[in-house]
Novice: 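What follows is a single structure, and I will ask about it in a moment.
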Amino acid sequence: MKNLAIIGGGSWGTALAIVLAPRFPRIHLWVYETDLAKRMAETRENDLFLPEFLIPNNVEITNDLATAIDGADIVLSVMPSHLVRGVYRQMLPFLQESMLFVSATKGLENGTLLRVSEVIFEVLQAQFTPRIAVISGPTFAREVAKGEPTALVVASGDQSLAESVQAAFSGPTFRLYTSSDPIGVEIGGSIKNVVAIGSGVLNGLGLGHNATAALITRGLAEMTRLAVAMGGKPLTLAGLAGLGDLVLTCTGDLSRNRSVGIELAHGRKLDEIVRSMNMVAEGIKTTNAAVDLARRYAVEMPISEQMFQMLHFGISPREAIQRLMERSLKGE
Ligand SMILES: NC(=O)c1ccc[n+]([C@@H]2O[C@H](COP(=O)([O-])OP(=O)(O)OC[C@H]3O[C@@H](n4cnc5c(N)ncnc54)[C@H](O)[C@@H]3O)[C@@H](O)[C@H]2O)c1
């Protein structure tokens with residue numbers, strides 16, 4: 001594998017370009033914003049989404065999709081989930097069957113309720129049958145860019161594809177494990193953002209570690225229930241893309257979804273919080289899909305349900321927590 005195209009130059013796409021630069025002779029990084037792409041090419045820094053990190057010289061920044069994809073062996077997409085279908089449609093004329101597709105997006109498509117790899121498959125199958133893997137796990141972009149030790153999972157139904165990506169991406173600070181369960185990996189990476197909003201609420205209300213530990217554990221139970229109902233494996237959710245990412249997002253100060261919960265608990269309005277962020281908090285949109293999937297698969301997802309009620313129907317953060325505590329009593 002010689003040439004990598006990274007599609008999406010937000011925080012995560014830029015961090016991936018930095019950590020993967022030593023592994024590829026040439027990387028193309030597609031940046032949506034024309035002015036940002038120009039500045040990044042000149043200053044070698046993403047001052048909007050990942051300031052203070054130098055982008056290595058073998059990372060070529062472009063605002064043109066055809067240029068980004070030209071000659072790529074691997075296409076690694078890192079755009080927010082609601083943009084995946086549109087960007088892949090734009091890329092379609094330039095893509096080839098020989099390319100490997102890797103998705104680093106976390107989230108679900110509202111409306112269709114598809115996982116991101118399914119959206120990609122749906123778009124590309126108009127032209128050919130694509131080979132797709134997903135990467136996920138506990139990975140704050142800034143820590144990856146700093147070169148701090150990070151472990152993640154690459155999942156695909158095609159074992160040899162997962163192994164190829166593992167070999168191509170693993171390095172001294174970036175360790176990939178393979179998995180044959182993209183369903184579990186993508187559901188874990190999506191639902192943990194919803195639970196993280198709840199964790200922020202607990203923190204914002206001044207509650208302590210008991211509440212957070214309970215939320216993480218019960219959050220894991222509900223994401224596992226959903227993943228298994230959809231055909232995923234329970235053990236995947238006990239791994240890096242499930243428990244690992246859940247712990248990170250529910251306890252880490254760099255988590256945007258947790259920050260949203262904290263701000264809500266401090267009384268700020270959701271639209272005001274979203275307007276003040278230039279980055280995506282995937283959990284807000286994922287909450288809608290989580291609740292719809294819970295209904296479709298007839299699984300209980302009380303944390304997602306209360307987050308949904310809080311985000312969209314105005315119940316207060318305190319009431320959302322109260323309702324979780326007052327549900328009918330159950331076995332674990
Ligand atoms: N930031 C992290 O630490 C991290 C870690 C792992 C996974 N992820 C996931 O990666 C995905 C991308 O998140 P991020 O944090 O890099 O994003 P970000 O919030 O830092 O940046 C937003 C991105 O959206 C792009 N964008 C905005 N409008 C667009 C449009 N109309 N068309 C195409 N692109 C457009 C921007 O160029 C930018 O790349 C998300 O699904 C996120 O959950 C993020």
Side-chain angles (χ1 to χ4, degrees), residues 5-20 29-40 46-51 53 55 61-65 68 76-91 102-110 115-117 119-120 134-146 148 150-155 169 174 176 185-197 240-241 244-246 248-249 252-260 273-287 289:
I6 301 182
I7 308 300
S11 329
W12 188 215
T14 305
L16 284 168
I18 292 170
V19 75
L20 296 176
L29 175 59
W30 177 76
V31 175
Y32 166 73
E33 296 82 357
T34 318
D35 49 341
L36 176 62
K38 202 159 166 269
R39 278 203 312 282
M40 283 171 72
N46 186 338
D47 58 37
L48 187 58
F49 296 116
L50 196 72
F53 291 97
I55 300 168
I61 319 277
T62 177
N63 177 238
D64 181 62
L65 273 177
L76 170 59
S77 57
V78 203
M79 66 292 279
S81 57
H82 64 286
L83 300 169
V84 170
R85 187 178 290 274
V87 175
Y88 267 90
R89 276 189 183 142
Q90 286 177 57
M91 288 199 282
V102 182
S103 167
T105 298
K106 291 176 181 169
L108 299 159
E109 190 175 58
N110 279 347
R115 294 177 284 113
V116 169
S117 66
V119 175
I120 298 171
V134 297
I135 59 171
S136 194
T139 56
F140 282 144
R142 293 193 74 79
E143 296 182 7
V144 168
K146 270 193 216 163
E148 295 187 9
T150 298
L152 60 166
V153 178
V154 51
F169 285 8
F174 205 58
L176 281 86
V185 165
E186 286 185 289
I187 292 302
S190 302
I191 305 300
K192 61 96 192 183
N193 282 329
V194 177
V195 182
I197 297 175
L240 290 162
D245 206 359
L246 188 61
L248 181 81
T249 337
D253 289 334
L254 289 172
S255 166
R256 297 169 200 165
N257 294 287
R258 183 168 170 272
S259 303
V260 168
I273 299 168
V274 172
R275 265 201 312 276
S276 66
M277 296 173 90
N278 70 346
M279 303 191 231
V280 288
E282 286 277 15
I284 299 170
K285 286 198 171 66
T286 305
T287 305

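Hydrogens, waters and symmetry mates play no part in the numbers below; they use all other heavy atoms, side chains included. Both counts, for ligands and for their atoms, begin at 1 and track the order of listing.
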Novice: Give the residue and atom name of whichever protein heavy atom lies nearest to atom 12 (C) of ligand 1, and the separation in Å to one decimal.
Specialist: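 Scanning the protein heavy atoms, the shortest distance from atom 12 (C) of ligand 1 goes to V78 O, 3.2 Å.
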
Novice: State the atoms of ligand 1, each with its element, that fall below the 4.0 Å cut-off from a heavy-atom position in T105.
Specialist: 41 (O)

Novice: What protein heavy atom is closest to atom 21 (O) of ligand 1, reported as residue, atom name and distance in Å?
Specialist: F49 CE2, 3.4 Å

Novice: I want to check something: taking the side chain as every heavy atom from C-beta on, are F140 and T150 in contact at a cut-off of under 4.5 Å?
Specialist: no

Novice: Should N63 and V31 count as side-chain neighbours, where that means a heavy-atom distance under 4.5 Å?
Specialist: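 Side-chain contact under 4.5 Å: no.
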
Novice: Any N or O on S11 sitting closer than 3.5 Å to an N or O of ligand 1?
Specialist: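 Indeed, backbone or side chain, S11 has an N or O that close.
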
Novice: Using a 4.5 Å cut-off on heavy atoms from C-beta on, say whether the side chain of V153 contacts that of S136.
Specialist: no

Novice: Show which atoms of ligand 1 fall inside a sub-4.0 Å distance from at least one heavy-atom site of A141.
Specialist: 1 (N), 2 (C), 3 (O)

Novice: Could you walk me through whether D47 and L36 pass side chain to side chain contact (heavy atoms under 4.5 Å, CB included), step by step?
Specialist: CA-CA 8 Å; D47 58 37; L36 176 62; 3.9 Å; yes

Novice: So is S81 polar-close to ligand 1, meaning N/O to N/O under 3.5 Å?
Specialist: no

Novice: List every atom of ligand 1 that sits less than 4.0 Å from any heavy atom of G10, numbering the atoms from 1 in the order shown and giving each element.
Specialist: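 Close to G10: 16 (O), 20 (O), 21 (O), 38 (C), 39 (O).
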
Novice: Considering only the protein, which heavy-atom contact is closest to atom 5 (C) of ligand 1, and what is its distance?
Specialist: T139 O, 3.1 Å

Novice: Are the side chains of L76 and I135 in contact, using a 4.5 Å heavy-atom criterion?
Specialist: yes

Novice: Check ligand 1 against F140 and write out every atom of the ligand that is under 4.0 Å from a heavy-atom position of the residue.
Specialist: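 Those qualifying, in numeric order: 3 (O).
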
Novice: Considering distance alone, does some N or O of V280 sit under 3.5 Å from an N or O of ligand 1?
Specialist: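 Yes; at least one N/O pair falls below 3.5 Å.
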
Novice: Below the 3.5 angstrom mark, is there an N/O of K106, backbone or side chain, next to an N/O of ligand 1?
Specialist: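 Indeed, backbone or side chain, K106 has an N or O that close.
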
Novice: Closer than 4.0 angstrom: is that true for some heavy atom of A104 and an atom of ligand 1?
Specialist: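 A104: in contact with ligand 1 (<4.0 Å).
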
Novice: In the structure I gave you, are the side-chain heavy atoms of L65 and I7 within less than 4.5 Å of one another anywhere?
Specialist: yes

Novice: Any N/O of L83 closer than 3.5 Å to an N/O of ligand 1?
Specialist: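 For ligand 1, there is no N or O atom that lies under 3.5 Å from one belonging to L83.
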
Novice: Is the closest side-chain heavy-atom distance between V144 and I18 below 4.5 Å?
Specialist: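 Sidechains of I18 and V144: no contact.
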
Novice: Please say whether E282 places an N or O atom under 3.5 Å from an N or O atom belonging to ligand 1.
Specialist: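 The answer is yes, given that E282 and ligand 1 share an N or O pair closer than 3.5 Å.
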
Novice: Are M79 and Y88 side-chain neighbours, meaning at least one heavy-atom pair lies under 4.5 Å?
Specialist: yes

Novice: Which distance, rounded to the nearest 0.5 Å, do you find between the CD1 of I120 and the CE of M91?
Specialist: 7.5 Å

Novice: Hey, which atoms in ligand 1 end up nearer than 4.0 Å to a heavy atom of G9?
Specialist: 39 (O)

Novice: Tell me whether R142 contacts the main-chain N or O of A15 through its side chain, where contact means a donor paired with an acceptor under 3.5 Å.
Specialist: no

Novice: Hey, is R256 one of the residues with a heavy atom under 4.0 angstrom from ligand 1?
Specialist: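 R256 counts as a contact of ligand 1 under the 4.0 Å cut-off.
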
Novice: Using a 3.5 Å cut-off on N or O atoms only, is G8 in polar contact with ligand 1?
Specialist: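 In fact, backbone or side chain, G8 has no N or O that close.
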
Novice: Report the nearest protein non-hydrogen atom to atom 37 (O) of ligand 1: residue, atom name, distance rounded to 0.1 Å.
Specialist: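 For atom 37 (O) of ligand 1, the nearest protein heavy atom comes out as E33 OE1, 2.8 Å.
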
Novice: State, yes or no, whether a side-chain contact exists between K38 and I61 at a heavy-atom distance under 4.5 Å.
Specialist: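 A side-chain contact under 4.5 Å is absent here.
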
Novice: What protein heavy atom lies closest to atom 8 (N) of ligand 1? Include the residue and the distance to one decimal.
Specialist: W12 CD1, 3.3 Å

Novice: Looking only at protein heavy atoms, which one is nearest to atom 25 (C) of ligand 1, and what is the separation?
Specialist: P80 CD, 4.1 Å

Novice: As an exercise, state the distance from CD of E282 to NZ of K106, rounded to the nearest 0.5 Å.
Specialist: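 Those atoms lie 10.0 Å apart.
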
